[in-house]
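All values derive from a computational prediction rather than experimental measurement. Note on naming: letters A, B, ... go to the chains in the order of the sequence lines (proteins, then strands), and numbering restarts at 1 for each one. FYI, side chains are in, hydrogens and waters are out, and symmetry mates aren't considered; it's all heavy atoms of this structure.
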Amino acid sequence: MVWFRKGLRVHDNPALDLARRGAARVYPVFVLDPRYLRPDPDAPSPGSARAGVARVRFLLESLDDLDSRLRRLGSRLLLLRARDDVSDAVCAALKDWNIGKLYFESDTEPYALTRDMRVTDFAAASGIEVFSPVSHTLFDPAEIIEKNGCRTPLTYQSFLNIAGEPPAPLTEEYSVLPPIGDTGEYELFSVPKLEELGYGDISQEHVPPFRGGETEALKRMRESLQDKEWVAKFEKPKGDPSAFLKPATTVLSPYLKFGCLSSRYFYHCIQDVYRSTKTHTKPPVSLTGQLLWRDFFYTVSFGTPNFDHMKGNKICKQIPWRESEELFVAWRDGRTGYPWIDAIMIQLRKWGWMHHLARHSVACFLTRGDLFIHWEKGRDVFERLLIDSDWAINNGNWLWLSCSSFFYQYHRIYSPISFGKKYDPNGDYIRHFIPALKHMPKQYIYEPWTAPLSVQEKARCIIGKDYPKPVVDHAAASKECRDRMGEAYASNRPSGGDPVKGNKALNSRQRKIYEDAPDSSKSKHPKKSS
DNA sequence: TCCGGGTTGGAGCC
DNA sequence: GGCTCCAACCCGGA
């Protein structure tokens with residue numbers, strides 16, 4: 001049996017390749033997970049508690065495509081439906097079909113580790129051999145950590161220093177797979193339509209411009225790599241987050257997330273392009289650098305207990321984030337009154353994808369920039385709605401953007417007004433995703449509350465009625481956030497609670513008293529005074 | 001203990 | 001578009 005979970009592809013699929021070499025009959029299985037798919041009527045948008053309909057749609061398209069590709073090779077996808085736990089369904093099929101060898105791609109996410117452990121325990125007890133190759137990432141996270149003296153690398157550079165060159169992908173193409181075995185009494189489902197999954201009326205839901213599946217992934221990759229100069233000059237931080245008709249990146253992330261595209265194959269193809277150009281950019285900003293970032297976050301997340309939480313997470317700054325359901329919901333639903341922020345959140349809701357820097361803008365705004373709301377709240381929204389949502393990368397970037405880990409320059413705050421304006425002064429991106437602002441003149445489109453009433457009337461958009469007033473004043477809110485971050489950092493300093501050391505840092509209360517003192521401005525380094 | 005480096009800030013200047 | 005300054009963070013290596 002080949003058990004598909006991620007890795008929804010035929011190319012560079014070591015689990016599938018090992019299975020076809022090792023058996024006369026192969027059962028390619030995918031189990032629909034009710035924990036992932038069960039409709040949640042209380043969710044803020046159609047879908048399950050874990051996934052919005054855009055990502056469910058992408059998954060179903062990917063399964064459909066995988067099934068067609070397997071059928072072309074004389075096989076097919078055997079789709080099972082778990083009643084509750086996926087591992088139970090796999091174990092039942094292993095037993096009922098009398099399987100001798102089980103192959104699946106290794107998955108390092110906590111949910112997957114628990115699920116897979118149940119299956120491997122059952123297999124061991126039943127005398128079933130298990131093969132679980134690493135092929136979702138360039139490297140094996142466990143191996144990287146071991147090479148680093150059993151310490152998890154916590155900076156990109158230290159990760160690069162030990163990573164080296166990734167293994168080559170499997171490139172052998174084959175025209176036939178062993179046929180499927182006897183499935184006995186099992187009812188074989190075809191891939192369901194989204195409409196059949198019980199998400200209610202989804203006819204009004206926007207269909208994202210990205211279609212799931214390996215076929216689409218390979219096509220998209222080839223199109224991206226065709227422009228060799230673009231590939232060679234790619235610098236991630238220089239991309240335009242407001243570009244939506246033709247995004248500034250490859251938008252291969254959803255395909256990498258589901259494994260429709262092999263990261264090793266993609267890396268290999270980029271290297272091919274580099275060989276044909278005189279010069280090319282390098283990590284961290286280059287295209288290969290992006291794949292290495294992905295592996296970096298997979299490695300750190302694997303080596304860090306409670307990576308997806310602030311509490312109990314050793315690498316995460318403990319910050320007293322503020323509770324505000326009202327502000328949180330305004331952010332989540334694209335009603336902050338800052339058009340740049342709201343347009344991005346609406347793009348997320350509709351497309352399940354936004355440019356990386358757009359994600360930065362809204363993540364900074366929610367956390368350390370303006371609202372001072374917990375990054376875990378934002379993480380949950382992204383995790384549910386993004387079609388490329390990936391546990392390691394999503395959590396890693398929320399830690400980054402909230403200045404909780406990896407990145408600490410909390411005084412660098414994205415302006416919800418000027419950051420978008422420098423890429424898109426006319427506000428076309430905003431006009432596209434927020435129709436209410438379509439006729440707002442460009443000089444007011446990023447700050448519509450400053451438009452005179454006559455202008456608002458002419459644009460048929462009254463602020464406070466047709467489009468919300470800003471929920472906070474950015475200048476004041478960001479100043480307050482900076483102060484709060486400074487206090488939180490002071491409390492996090494290891495020497496903060498140790499009275500023995502002479503150079504102890506001031507805790508937040510002491511610091512406040514110190515800074516309120518009349519002549520505090522004379523010393524630039526209060527923490528050094530003893 | 002010091003110093004250089006850190007994928008992606010903003011504002012003002014040329 | 002690129003430079004500098006702003007105010008100042010943490011980490012890793014020496």
### Partner of A:Phe297 by ring pair (Phe, Tyr, Trp, His ring centres under 6.0 Å), out of A:Phe307, A:Phe406, A:Phe159
A:Phe406

### Query
When the distance from CZ of A:Arg482 to P of C:dC6 is rounded to whole Å, what number comes out?
15 Å

### C1' spacing across the pair C:dG12 / B:dT8, given as an integer number of angstrom
22 Å

### Nearest to side-chain heavy atoms of A:Gln290, which nucleotide of C:dC10, C:dG2, B:dT7
B:dT7

### Message
Of the options B:dT7, C:dC10, C:dC9, whose atoms approach the side-chain atoms of A:Lys317 most closely?
### Response
C:dC10

### A:Ser402 side chain to A:Thr367 backbone, donor-acceptor under 3.5 Å
no

### Task
Measure the distance from CD1 on A:Ile162 to P on C:dG13 and round it to the nearest whole Å.
11 Å

### Query
Rounding to the closest angstrom, what is the interatomic distance between C:dT4 and B:dG5 at atom P?
15 Å

### Query
Is DNA chain B part of any stem, that is, at least 3 consecutive Watson-Crick or G-U pairs with both distances under 3.5 Å, and where?
B:1-6 with C:9-14, B:9-14 with C:1-6

### Message
In whole Å, I'd like the distance from the CD atom of A:Gln409 to the C1' atom of B:dT7.
### Response
12 Å

#### Entry: A:Lys350 to A:Phe433, cation-pi by 6.0 Å centre distance and 45° axis angle
no

### Query
Within 45 degrees of the axis of the six-membered ring of A:Phe258 and under 6.0 Å from its centre: does A:Lys6 put its NZ or CZ there?
no

### Message
What is the distance, to the nearest angstrom, from the CG atom on A:Asn492 to the C1' atom on C:dC11?
### Response
15 Å

### Under 5.5 Å and under 30°: A:Trp293 stacked on B:dT7
yes

### Task
Could you state the atom-to-atom distance from CD of A:Gln157 to C1' of C:dC10 in whole Å?
15 Å

### Query
Does the side chain of A:Arg493 get closer than 4.0 angstrom to OP1 or OP2 of C:dC10 through an N or O atom?
yes

### Summary
Contacts of A:Pro208 meeting side-chain contact (heavy atoms from CB on, under 4.5 Å) (sequence neighbours excluded), chain-then-number -> A:Ala54, A:Arg57

### Task
Please determine if A:Lys219 and A:Glu214 form a salt bridge, counting it only when a charged side-chain N lies under 4.0 Å from a carboxylate O.
no

### Task
Return the 5'-most residue of the pair A:Asn161, A:Tyr489 with respect to DNA chain C, ranking by each residue's nearest nucleotide.
A:Tyr489

## Note on the structure
Rounded to whole Å, CG of A:Asn397 lies from C1' of B:dT7 at a distance of 11 Å

### Any side-chain heavy-atom pair of A:Tyr267 and A:Ser263 under 4.5 Å
no

### Query
With nearest nucleotides of DNA chain C determined for A:Lys238 and A:Leu154 from heavy-atom distances, which residue corresponds to the more 5′ nucleotide?
A:Lys238

### Query
Between atom OH in A:Tyr410 and atom P in C:dC6, what is the gap in whole Å?
18 Å

### Query
Expressed in whole Å, how much space separates the C1' atoms belonging to B:dG4 and C:dA8?
15 Å

### Task
State, to 0.1 Å, how close A:Leu371 and A:Arg322 come at their nearest heavy-atom pair, and which atoms those are.
O-NH2, 2.8 Å

### Task
Can you tell me the distance, in whole Å, between the CG atom of A:Leu160 and the P atom of C:dG12?
15 Å

### Task
Determine, for A:Tyr111 and A:Arg50, whether the Lys NZ or Arg CZ falls below 6.0 Å from the six-membered ring centre while staying within 45 degrees of the axis.
yes

### Query
Quick one: what's the B/S/- string for nucleotides 9-14 of chain B, heavy-atom cutoff under 4.0 Å, read 5' to 3'?
BSS---

### Query
If you count the non-hydrogen atoms of other residues, nucleotides and ligands that lie under 6.0 Å from NZ in A:Lys422, is the total more than 12?
yes

